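First listed ligand is number 1; within each ligand, the first listed atom is number 1. Note that the structure is predicted; figures quoted are calculated from it, not measured. What's counted below: heavy atoms across the whole structure, side chains too, no hydrogens, waters or symmetry copies.
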Amino acid sequence: MEVAMDTPRRVEHQLTDKGYVPVYTTAVVEQPWGEYTASDHEVWATLFKRQREILPGRASSEFLAQQEAMGMASDQIPKFDDLNPVLRKATGWELIGVEGLLPELTFFEHLANRRFPVTWWIRKPDQLDYLSEPDLFHDLFGHVPLLMNPVFADYMAAYGRGGVKAHGIGQDALVNLTRLYWYTVEFGLIREKQGLRIYGSGIVSSKGESIHCLESKAPNRIGFDLERIMRTRYRIDTFQKTYFVIDSYEQLMEATGPDFSPIYEKLAALPSFPAGSVQDGDQVFNRGTGEGWLDDGDV
Ligand code: HBI
Ligand code: FE
């Protein structure tokens with residue numbers, strides 16, 4: 001993956017046999033708000049407007065309401081210093097600026113302490129539709145609004161604590177837990193009275209997937225089941241083949257109640273599921289046609 005070398009980042013990229021890979025850094029940085037260019041603010045305003053045009057009727061009502069409630073600026077990049085007092089008051093969370101992807105343990109420790117790491121730089125105009133790593137728009141527009149919801153905020157902190165524990169247990173546990181994050185926090189759907197709605201950050205920050213995940217016949221839409229999700233591989237290079245549906249944020253919080261160690265042990269002896277499979281016992285809202293799916297590439 002070539003890295004646009006003019007991306008305003010201080011994260012080094014190492015050239016390896018797999019191409020440029022980010023060298024993770026744990027640095028916490030002040031949001032350099034004064035350094036943003038007119039073009040950076042323009043990218044934020046364009047993406048914000050585009051998403052807010054298509055999300056009513058698609059995004060969860062709580063996501064939309066909380067994004068309004070926190071008064072996130074639409075015409076220029078919001079200031080963390082403006083948002084933090086509002087967020088702290090609502091759920092005790094706060095935003096911290098980071099350079100980009102963090103080592104997993106560092107990430108989990110921040111979540112466990114109600115600190116959400118937000119990448120300080122924003123994508124370039126020629127990356128509006130896709131970029132390979134979370135930028136400021138993905139993190140701030142996508143992840144932050146639901147941190148205003150007390151139950152989801154508790155889930156994210158519980159997830160962080162679970163991540164710190166899983167890190168101590170080992171790689172299998174981490175893989176299981178990463179799948180849980182992927183199919184809920186990043187790509188989750190929720191059932192509301194009027195129908196299925198989006199709460200996953202990876203979806204709400206993407207125009208294409210906001211439409212695809214609800215309207216395409218290709219993907220499966222299956223009811224949330226913790227162990228089923230922990231066994232299910234996923235996609236990082238295409239739209240998801242399967243979306244999991246919760247009934248409520250409380251359901252997520254309750255799922256993190258029990259100690260996961262016995263679940264990790266049980267799942268370590270079982271095979272994982274392909275990203276596009278439908279399993280016996282699934283609560284199937286939609287069995288996908290699989291149209292356009294790539295055969296290989298599940299992670
Ligand atoms: N780092 N900054 C940042 N943001 C993330 O969303 C993130 C991360 N590091 C690891 C990670 N996510 C995933 O592996 C989680 O499943 C842990
Ligand atoms: Fe994310």
Side-chain angles (χ1 to χ4, degrees), residues 7 9-13 21-29 31 47 51 59 63 67 80 93-123 130-147 152-153 155-189 198-206 209-210 213 226 229-230 232-237 239-240 243-244 252 256 260 264 272 275 299:
T7 308
R9 312 206 335 222
R10 288 174 270 202
V11 174
E12 296 311 312
H13 278 77
V21 291
V23 177
Y24 293 146
T25 169
T26 57
V28 175
V29 298
Q31 181 188 23
L47 289 171
Q51 286 309 101
F63 173 86
Q67 191 168 64
F80 297 0
W93 275 83
E94 66 170 326
L95 311 182
I96 53 168
V98 294
E99 297 284 1
L101 281 177
L102 301 170
E104 284 175 329
L105 184 57
T106 311
F107 182 65
F108 293 138
E109 285 166 346
H110 283 313
L111 297 188
N113 291 286
R114 295 188 180 244
R115 293 187 299 262
F116 192 80
V118 176
T119 298
W120 67 264
W121 51 266
I122 195 164
R123 67 191 74 179
Y130 180 74
L131 80 165
S132 55
E133 290 165 61
D135 73 330
L136 182 131
F137 186 77
H138 169 90
D139 285 334
L140 195 52
F141 182 96
H143 280 284
V144 169
L146 276 182
L147 292 174
F152 189 81
Y155 169 67
M156 287 291 277
Y159 181 88
R161 290 193 298 275
V164 171
K165 270 180 73 178
H167 194 270
I169 294 171
Q171 194 52 30
D172 284 355
L174 278 178
V175 167
N176 293 151
L177 209 67
T178 295
R179 288 170 181 161
L180 176 61
Y181 190 85
W182 198 265
Y183 281 118
T184 58
V185 179
E186 292 295 359
F187 292 96
L189 301 181
I198 306 161
Y199 72 94
S201 310
I203 308 178
V204 285
S205 55
S206 151
E209 197 145 10
S210 295
C213 75
L226 182 77
I229 285 178
M230 285 186 162
T232 306
R233 295 158 62 204
Y234 55 86
R235 308 293 308 188
I236 55 172
D237 55 352
F239 292 154
Q240 297 309 307
Y243 297 98
F244 288 93
L252 268 186
T256 63
F260 283 175
Y264 297 145
S272 64
V299 296

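Looking only at protein heavy atoms, the nearest one to atom 9 (N) of ligand 1 is Leu102 O, 2.9 Å. Protein heavy atom in closest approach to atom 14 (O) of ligand 1: Glu104 OE2, 3.4 Å. For atom 2 (N) of ligand 1, the nearest protein heavy atom (residue, atom name, distance) is Gly100 O, 3.0 Å. Among all protein heavy atoms, the one lying closest to atom 12 (N) of ligand 1 is Phe107 CE2, 3.6 Å.
In this structure, the side chain of Trp182 does not engage the main chain of Tyr234 through any donor-acceptor pair within 3.5 Å.
In this structure, the ring of His167 has its center no less than 6.0 angstrom from the ring center of Phe108.
With Phe260 as the partner, the side chain to side chain contact (heavy atoms under 4.5 Å, CB included) test is satisfied by one option alone out of Leu180, Ile169, Asn176: Leu180.
Annotation for Arg179 and Arg233: closest pair NH2-CG, 3.4 Å, computed over non-hydrogen atoms.
Of all the atoms in ligand 1, the ones that sit under 4.0 Å from a non-hydrogen atom of Phe108 are 17 (C).
Under the 4.5 Å side-chain criterion, counting only non-hydrogen atoms from C-beta, Leu47 is in contact with Arg123.
For the pair NE2 of His138 and OE2 of Glu186, the angle at the Fe ion (ligand 2) is about 130°; rounding is to 10 degrees.
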